[in-house]
Amino acid sequence: MQRIIITLDGYSSCGKSTLARQLANELNYVFIDSGAMYRAITLYFLRQHVDRNSAKAIHEALGEITLDFRYNPHNCQSDIFLNDENAEALIRDMLVSENVSEVAALKEVREFAVAQQQKMGEKKGLVMDGRDIGTTVFPQAELKIFVTADPAVRVARRFKELFERNPNITIEEVKRNLEMRDYIDSNREFSPLRKADDAVILDNTNLTKEEQLTIALEWAREKQSN
Ligand code: DC
C-alpha cells in the first residue's frame, strides 16, 4: 500500500473538514485543516489592526506569525496554535469568519500558507482540506475530491454548529456570510476555488457522514493500491 496525498476542496461548510478528519483517522494519516491557517492569520491581522492595503504591513505581520498544529488528547484532534496560543476556538468566531476570505485573497498571505502546507506533504500520508489544495498546493495529489452540497443544507449545518456556541446568531447572518465567502473565494485573483480537472465530485446533500466516508475510503484504497 503506497502512502498518498488526498485533497478535499469545496465551498464553505459542505463538510470537508469532517470527512477529511475521518479519512485521516481511518487511514492513519495526518489531517490538516488549511482553512484554520487562514483563520489564524486573520485573527492575528484583526488583533494587530494590520493595514490590508499595505504590502509592507502585511509582510511584517506575516514575519511575526508562527503557526503549528498540536495534538489535543482531549478530543483526539489537532488544534492550531498561533504564536504558541491555542487558537482553535477563537478562529471560529464570526468576526474572523467575516474577514477571512479577504485576508485569504491576499497574494502574500497565500504564498505564506501554501509554502507551509507543501512542506507538510513531503512525507505523504496526508489529508488536507481547503479551496486550492488540489489545484495549487498539491496538483500532483493521488486523490482529489471536490465536495459539494445543496446551499440550503450547508446553511442549516453551519447554523447548527454556530448556534451551539452563540445562541444569538441568526440563520440570515449565517446565510449572508456563506454567500459572501463563496463569492470572494471563487472570484479572487490568486488560486480561486475551483474543481481540479482530475478531481472526483462528492455531493453529500443526501448522504450521512458514514455514507460519504465509505465512498471516499473506497476511492482512497483504490489509489493506495495503484
Ligand atoms: O474552510 P474554512 O471555512 O475554515 O476556510 C476559511 C476561509 O479560508 C475561507 O473563506 C477561504 C479561505 N481558504 C482558502 O482561501 N484556501 C484554503 N486552502 C482554505 C481556506
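Whatever order the structure lists ligands and atoms in, that order sets their numbers, starting from 1. What you are looking at is a predicted structure, and each value in this text was computed from that prediction instead of being measured.
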Rounded to the nearest 0.5 Å, how far apart are OG1 of Thr136 and CD of Gln118? 9.0 Å
Test Arg154 against Asp182 for side-chain contact (heavy atoms from CB on, under 4.5 Å), laying out the working first. CA-CA 12 Å; Arg154 290 165 48 214; Asp182 286 352; 2.7 Å; yes
Extract all donor-acceptor atom pairs below 3.5 Å that involve side chains of residues 99-112 and protein atoms in other chains or at least two apart in sequence.
| residue | atom | partner | partner atom | Å |
| --- | --- | --- | --- | --- |
| Asn99 | OD1 | Arg52 | NH1 | 3.4 |
| Asn99 | OD1 | Arg52 | NH2 | 2.8 |
| Asn99 | ND2 | Leu95 | O | 2.8 |
| Ser101 | OG | Asp185 | OD1 | 2.9 |
| Glu102 | OE1 | Arg52 | NH1 | 3.4 |
| Lys107 | NZ | Glu111 | OE2 | 3.1 |
| Glu108 | OE2 | His59 | ND1 | 2.5 |
| Arg110 | NE | Ser191 | OG | 3.4 |
| Arg110 | NH1 | Ala104 | O | 2.5 |
| Arg110 | NH2 | Tyr38 | OH | 3.2 |
| Arg110 | NH2 | Asp132 | OD1 | 3.4 |
| Arg110 | NH2 | Asp132 | OD2 | 3.0 |

Any side-chain hydrogen bond (donor to acceptor under 3.5 Å, both in side chains) involving residues 212-223? Give me the pairs, sequence neighbours left out, ordered by first then second residue. Asn204-Gln212
For Phe31, the hydrophobic cluster (side chain heavy atoms closer than 4.5 Å, chained through members) also holds none
Atom-level proximity to ligand 1, residues with heavy atom under 4.0 Å: Ser34, Gly35, Tyr38, Arg39, Val100, Ser101, Ala104, Arg110, Gly130, Arg131, Asp132, Ile133, Arg181, Asp185, Arg188
Going through the checks in order, is the side-chain contact (heavy atoms from CB on, under 4.5 Å) test met by Met128 and Ser34? CA-CA 7 Å; Met128 190 177 287; Ser34 69; 4.2 Å; yes
